[in-house]
Amino acid sequence: FALQVSDAIEDIKRIGFSKVLITIIAVGVIYVIISYIVSAVFGIISQDLAAVVSTIVSVYLLFFENRATGLLYSDLY
């Protein structure tokens with residue numbers, strides 16, 4: 001019972017497929033833009049620093065992505 005595809009499909013239908021798709025695309029675009037800016041800014045200073053900062057920023061962006069997904073599901077209940 002770890003993955004119930006039918007329940008996930010029902011949740012997506014209740015939320016709205018277009019809303020889910022737009023949220024995924026928007027979060028992906030924001031993720032790419034912020035990652036690019038951080039890599040470009042810190043890449044000028046040092047490649048090692050850029051790698052470390054990009055790793056830290058990617059963790060926060062993952063939290064952002066999960067929060068956006070959680071807010072979608074909060075519309076259900």
Side-chain angles (χ1 to χ4, degrees):
F1 302 84
L3 180 63
Q4 295 182 353
V5 177
S6 62
D7 288 344
I9 291 171
E10 282 299 316
D11 288 345
I12 289 173
K13 286 180 182 176
R14 282 189 267 167
I15 295 170
F17 182 74
S18 61
K19 190 174 183 180
V20 172
L21 188 63
I22 289 170
T23 302
I24 290 171
I25 291 171
V27 168
V29 168
I30 291 169
Y31 192 99
V32 168
I33 290 172
I34 292 175
S35 295
Y36 178 76
I37 290 171
V38 168
S39 295
V41 169
F42 287 99
I44 294 171
I45 299 169
S46 168
Q47 292 293 330
D48 294 332
L49 182 63
V52 170
V53 173
S54 292
T55 303
I56 293 169
V57 169
S58 68
V59 170
Y60 285 106
L61 289 173
L62 181 66
F63 290 145
F64 169 73
E65 178 184 359
N66 289 331
R67 177 158 169 77
T69 304
L71 290 175
L72 273 178
Y73 279 96
S74 71
D75 288 346
L76 287 177
Y77 303 106

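- Contacts classified as salt bridge (Lys or Arg N to Asp or Glu O under 4.0 Å) and involving residues 16-27 (residues at least two apart or in different chains) are given here: Lys19-Asp75.
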Residues 59-72, side-chain donor-acceptor partners within the protein, below 3.5 Å, at least two apart:
from, atom 1, to, atom 2, distance (Å)
Asn66, ND2, Leu62, O, 3.4
Thr69, OG1, Glu65, O, 3.0

Ignoring hydrogens and angles, write down the donor-acceptor pairs under 3.5 Å from the side chains of residues 26-46, residues two or more places apart or on other chains.
from, atom 1, to, atom 2, distance (Å)
Ser35, OG, Tyr31, O, 2.9
Ser39, OG, Ser35, O, 3.0
Ser39, OG, Ser54, OG, 3.2
Ser46, OG, Asp48, N, 3.4
Ser46, OG, Leu49, N, 3.4

